[in-house]
Each structure stands twice: as structure tokens, then as C-alpha cells.
**Q** 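Please read through the structure below; I'll follow up with questions.
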Amino acid sequence: MTYTSDDRARLGLRESATFDRATIAAIQRAAETGIYDIRGWGAKRPLPHFDDLLFLGASMSRYPLEGYRERCATDVVLGDRFAKSPLHLDIPVTIAGMSFGALSGPAKEALGRGASEVGTSTTTGDGGMTPEERGQSKHLVYQYLPSRYGMNPDDLRKADAIEIVLGQGAKPGGGGMLLGQKISERVAGMRTLPQGIDQRSACRHPDWTGPDDLTIKINELREITDWCKPVYVKVGATRTYYDVKLAVHAGADVVVVDGMQGGTAATQDVFIEHVGIPTLAAIPQAVQALQELGVHRRVQLIVSGGIRNGADVAKALALGADAVAIGTAALIALGDNHPRYAAEYQKIGSAAGFYDDYQDGNDPAGISTQDPELSARFDPVAGGHRLANYLRVLTMEAQTIARACGKSHVCHLEPDDLVAVSIEAAAMARVPLAGTDWIPGT
Ligand SMILES: Cc1cc2nc3c(=O)[nH]c(=O)nc-3n(C[C@H](O)[C@H](O)[C@H](O)COP(=O)(O)O)c2cc1C
């Protein structure tokens with residue numbers, strides 16, 4: 001049917017499913033500026049996720065544990081395969097690596113304070129280790145990244161574990177970006193690069209080209225740290241089954257798998273939305289790889305990418321993870337999006353709870369900025385308490401679910417406790433569609 005312009009005026013604008021308003025706006029923006037869109041946060045498109053799974057609470061065929069009377073433990077040991085000093089954490093929720101540069105000094109300190117208050121670990125990031133962060137973190141994981149920004153052997157020895165970063169879920173195969181406005185004198189000094197100039201982080205380690213070199217690198221790091229520190233290997237979720245097998249062969253104590261919903265400090269929007277696989281799809285691949293090598297639970301699996309509440313934590317553990325890591329949710333918990341800054345958020349085109357322009361350095365709450373005035377607004381002690389509260393809630397929620405499934409430890413949750421509410425989620429998570437015994441693809 002052909003419409004005249006009169007018909008169209010009468011019917012109103014008819015939106016196209018292919019060229020919807022957002023698509024039109026994106027084309028117009030690209031045409032106007034000639035540059036691609038950069039932002040922080042993770043994939044925003046709808047994807048199969050933990051919400052598509054449900055727990056089968058116990059009743060007759062399984063026996064639940066009593067909430068306030070029966071213990072449900074939450075402790076976890078990470079890195080006891082080869083390291084002399086593995087990490088003993090009180091809860092299976094850790095803080096993911098986020099760079100000093102993307103985040104302010106007080107924000108990094110608050111992450112350490114919050115994690116330590118509840119007995120878990122936090123992680124450095126691109127740009128190195130700050131003294132505040134080291135000082136306030138009971139368990140600090142030191143990232144060894146392709147960029148080597150801020151990397152030095154003394155800090156390796158000061159850390160409690162080392163995480164070799166091969167990739168991130170938000171941008172597997174891609175590097176990072178830190179725009180010039182965030183390269184303050186301190187950030188520049190730690191990275192030994194000039195102030196105020198955009199910095200790109202490399203997408204691959206400069207001195208190795210494949211899995212054999214990774215073995216050598218892990219051994220070097222073990223020698224430098226006297227075989228004490230656990231060595232983690234972090235990968236962005238893509239060909240997870242093979243990547244996990246290679247990481248284990250190379251000698252990792254712990255494998256970290258970061259799904260495509262995982263946050264980033266800044267990268268191209270097109271990358272965040274179109275590269276990688278969902279967290280839900282990555283976990284069973286990782287677990288299968290570990291099981292086939294006979295090291296599931298001996299090489300621990302940490303999962304990240306879109307973890308928001310205790311149900312997400314419990315579901316990741318039930319699918320076979322030993323612990324999870326959180327980034328975006330930790331920043332929100334720190335107070336990043338407090339409504340008292342609503343007017344200022346509005347001015348920069350954002351809103352409390354939605355701020356994702358980490359790269360601009362204009363964060364009114366002083367968390368993802370290097371502006372001295374803005375970062376001075378953020379109180380690391382109060383922020384640390386908020387984070388600790390949030391981590392407690394995540395843990396208690398996961399315990400509640402574990403007890404309901406009859407488990408005396410959150411890590412005793414198993415795929416058998418789960419069903420899926422969509423065929424996609426059932427196929428990816430490899431659990432049955434609710435009410436059936438059908439696991440698509442098996
Ligand atoms: C502000 C910010 C900075 C980050 N910086 C790093 C980094 O330096 N190194 C790294 O491996 N991952 C980095 N990440 C990714 C996190 O380590 C983690 O993989 C991700 O945030 C997990 O997903 P979630 O944000 O949904 O919890 C960063 C994430 C955010 C939000």
C-alpha cells in the first residue's frame with residue numbers, strides 16, 4: 001500500500017522496527033560529528049540473563065534448611081592450586097578490577113574499605129596500585145594488563161594475588177581508553193605518560209603471542225613473588241571453553257570469565273553491544289572445560305558481567321562458579337548516583353542511577369572523575385560502608401536461596417536447583433525449561 005503525505009499526516013509517524021527512533025538518532029549523530037560513540041557501562045541490549053533462571057526451592061523431594069537456626073556458610077578459598085598463600089575470603093562476592101584513572105583515588109580507597117569490612121577482595125586495574133587502595137584493602141588483587149600502565153614489580157610483591165588480564169567482557173579483543181581530561185598529574189605520573197593527552201590501552205600483551213608464552217609469563221610472575229601469590233587469568237567471554245582450557249594448561253590458579261554484560265570504563269558503543277557472549281552462556285562452557293580437565297573447584301572460577309543481586313550471585317554459583325566479581329553495581333553502591341546531584345546530572349544529560357559517561361570525568365558524585373573538586377565531594381569512609389552494606393545484602397540473599405534449596409554452603413548450589421523460563425536461557429545455561437526435562441541442544 002502506498003501512502004500519500006496527507007495519509008501520513010492523518011495517521012501520524014509510523015515508526016520502523018528496523019530504523020526506530022534510536023537508530024535514526026544514532027545515524028544523525030554520526031553524520032553530524034564523524035566520530036563513534038564512546039561510553040562506559042556494559043551491554044544495554046536485552047540478552048538472556050540470570051533473570052531467565054529460577055530456583056527450585058525444596059519441599060518434599062528436597063529438604064530446606066531453617067533460616068535463623070541452620071548455618072549456611074559463604075567462605076571461599078581462591079588460588080590453592082599452586083600458590084603458597086591462597087586467598088581466604090568470607091564471602092564469594094569480590095570487587096572487580098577498575099582502574100585508577102577511570103575512578104578517583106577516594107573511590108578506589110572506598111572499594112578497599114567496603115571489601116575489607118566484609119572480608120572480601122578488591123582489585124587494582126589499568127593504571128596501577130594506589131597507596132590508599134593498598135592501605136585499605138585486606139585482600140588486594142593486582143592486575144597485570146596489556147598496557148602495563150603503572151605496573152612495577154614492587155607492587156606485584158605488595159599484592160595478595162595477581163590477575164593477568166587477557167580481555168574484558170565488554171570489549172573482548174579490544175583495548176581501553178582514557179581520555180585526556182582524566183589524565184591528571186597523578187594519573188600521568190603513575191602511567192609515566194604526559195598529562196592531558198588521551199591514552200589508549202593495548203588490546204594484547206606486547207611480549208607474548210599465544211598460550212605457550214602465557215605459561216612462561218605465569219612462571220615469571222611466580223618467581224618474582226616467591227610462588228606465594230595466586231595467579232588469576234581473566235578473559236572476556238567469547239570462545240570460553242577453549243580459553244579456559246588454555247588458561248588452565250598455562251598454569252592459572254583461578255580463571256575469571258567476564259560476560260558481555262560486564263562494565264567497562266570506556267569503549268566504543270558498537271563494541272560493547274556487538275562483541276562477546278552473554279554471561280549466562282559463558283559459565284557452562286567454562287565449567288565444562290574445567291570438568292573435562294578434572295580441575296573444577298581445584299582451579300576456581302570467578303564469574304562477572306551483570307551481577308546485581310543475591311539471586312544473580314546464587315545462580316552463578318549454582319551454574320558452577322566459585323565466586324563472582326562486581327564492577328558497575330559496586331560503583332552504584334558507593335553512591336555514584338545519589339539523587340542529591342540530580343540537577344547536576346541533568347545538566348550533563350544523565351540522571352541518578354544512569355550515569356555512564358565515565359570517560360568524560362564530570363561525575364557529580366566524585367567517583368569516576370579526576371577533577372579535584374568533584375573527587376573531594378566523595379567520602380571514602382561513608383562510601384565504603386555503603387558498599388559493605390550492599391555486599392552483606394548480596395550475601396544474605398544468596399544464603400536465603402541456598403537454604404531454601406537445602407544447602408549448608410552457598411557453593412553447594414548446583415545446576416539441578418535451576419530451571420529456565422525461556423528456551424534461549426535453557427540452551428545457554430544448560431538447565432531444563434521450567435516444567436519440563438528438556439535442555440535444548442542436549
Ligand atoms: C569504571 C570501570 C573500570 C574498569 N576498569 C577495568 C580495568 O582496569 N581492568 C579490567 O580488567 N577490567 C576493568 N573493568 C571491568 C571490570 O573489571 C569487570 O570485568 C566488569 O565491571 C564486571 O561487570 P559488571 O560491571 O557488570 O559487574 C572496569 C569496569 C568499570 C565499570
Side-chain angles (χ1 to χ4, degrees), residues 38-44 47 49-50 93-104 107-108 111 121-130 133 141-151 162-172 174-179 182 187 190-191 199 201-203 205 232-237 256-267 272 276 278-280 282 302-309 312-313 316 321 323-334 336-337 355-361 363 365 367-370 387 390-391 394:
I38 294 180
R39 66 170 172 88
W41 206 286
K44 295 189 176 184
L47 289 165
H49 198 38
F50 294 113
V93 186
T94 64
I95 304 300
M98 290 183 275
S99 61
F100 169 65
L103 302 185
S104 66
K108 290 296 285 173
L111 291 171
S121 61
T122 188
T123 312
T124 62
D126 228 355
M129 181 192 286
T130 66
E133 181 181 31
V141 183
Y142 187 63
Q143 283 200 330
Y144 187 82
L145 295 116
S147 74
R148 305 285 201 273
Y149 290 147
M151 149 64 200
I162 298 162
E163 180 170 295
I164 301 177
V165 179
L166 300 187
Q168 280 177 238
K171 48 186 181 189
M177 295 190 183
L178 192 64
L179 301 189
K182 294 184 84 173
V187 172
M190 282 179 62
R191 295 175 183 228
Q199 287 180 10
S201 300
C203 64
H205 288 261
Y232 302 11
V233 173
K234 174 176 178 177
V235 292
V256 183
V257 175
D258 191 28
M260 80 173 280
Q261 290 98 329
T264 176
T267 202
I272 301 176
T279 308
L280 205 55
I302 301 179
V303 166
S304 56
I307 304 268
R308 304 150 298 174
N309 52 44
D312 292 350
V313 175
V324 301
I326 58 166
T328 306
L331 299 186
I332 296 170
L334 285 187
D336 195 7
N337 298 301
Y355 186 66
D356 64 9
D357 285 332
Y358 301 146
Q359 75 284 356
D360 284 347
D363 179 7
I367 294 181
S368 56
T369 181
Q370 297 304 322
L387 175 61
Y390 172 62
L391 290 167
L394 290 185

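Counting convention: from 1, in listed order, for ligands and their atoms alike.
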**Q** By side-chain contact (heavy atoms from CB on, under 4.5 Å), which residues pair with Ala282, not counting sequence neighbours?
**A**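 For Ala282, the residues satisfying side-chain contact (heavy atoms from CB on, under 4.5 Å) (neighbours in sequence not counted) are Ala237, Thr240, Val257, Ile277.
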
**Q** Nearest 0.5 Å please: distance from the CZ atom of Arg39 over to the OG1 atom of Thr267.
**A** 10.0 Å

**Q** Relative to ligand 1, is Asp126 under 4.0 angstrom through side chain, backbone, both or neither, heavy atoms considered?
**A** both

**Q** Within a strict 4.5 Å, meaning less than it, do heavy atoms of the Tyr358 and Leu331 side chains meet?
**A**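 Side chain of Tyr358 against side chain of Leu331, heavy atoms only: contact under 4.5 Å found.
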
**Q** For atom 22 (C) of ligand 1, what is the closest protein heavy atom, and at what distance to 0.1 Å?
**A**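 Of the protein heavy atoms, Asp258 OD1, 3.5 Å lies nearest.
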
**Q** Is there a side-chain contact between Ile326 and Ile95 in this structure, where contact means two heavy atoms from C-beta onward sitting under 4.5 Å apart?
**A** yes

**Q** Can you tell me which portion of Thr328 lies within the under-4.0 Å heavy-atom range of ligand 1? Options are side chain, backbone, both, or neither.
**A**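 For Thr328, backbone and side-chain atoms both sit under 4.0 Å from ligand 1.
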
**Q** Gln261 heavy atoms, cut-off 4.0 Å: which ligand 1 atoms fall inside?
**A**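 Here the atoms of ligand 1 in question are 26 (O).
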
**Q** Could you tell me, atom by atom, which parts of ligand 1 come under 4.0 Å of a heavy atom of Lys234?
**A**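 Within the 4.0 Å cut-off of Lys234, ligand 1 contributes 10 (C), 11 (O), 12 (N), 15 (C), 16 (C), 17 (O), 18 (C), 19 (O).
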
**Q** Just need the protein heavy atom nearest to atom 6 (C) of ligand 1, so name the residue and atom and give the distance.
**A** Gly97 O, 3.0 Å

**Q** Does an N or O from Gly306, backbone or side chain, lie closer than 3.5 Å to an N or O of ligand 1?
**A** yes

**Q** To check your reading of the model: name the closest protein heavy atom to atom 9 (N) of ligand 1, its residue, and the distance in Å.
**A**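 Sorting protein heavy atoms by distance from atom 9 (N) of ligand 1 puts Gln143 OE1, 2.8 Å first.
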
**Q** Please write down residue, atom name and distance for the protein heavy atom closest to atom 29 (C) of ligand 1.
**A** Gly263 O, 3.5 Å

**Q** Can you tell me if Gly305 has a non-hydrogen atom under 4.0 Å from ligand 1?
**A**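 Contact present.
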
**Q** Any donor and acceptor pair, going by atom type alone, linking the side chain of Thr124 with main-chain N or O of Gln143 inside 3.5 Å?
**A** yes

**Q** Provide, to 0.1 Å, the distance between atom 27 (O) of ligand 1 and the closest protein heavy atom, together with that atom's residue and name.
**A**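 Among all protein heavy atoms, the one nearest atom 27 (O) of ligand 1 is Gly327 N, 2.8 Å.
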
**Q** At less than 4.0 angstrom from any non-hydrogen atom of Ile326, what atoms of ligand 1 do you find?
**A**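 So the atoms of ligand 1 that pass are 27 (O).
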
**Q** For ligand 1, does Met98 get within less than 4.0 Å through its side chain, its backbone, both, or neither, judged by non-hydrogen atoms?
**A**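 Answer for Met98: both.
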
**Q** What part of Thr264, side chain from CB on, backbone N/CA/C/O, both or neither, has a heavy atom under 4.0 Å from ligand 1?
**A**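 Backbone only.
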
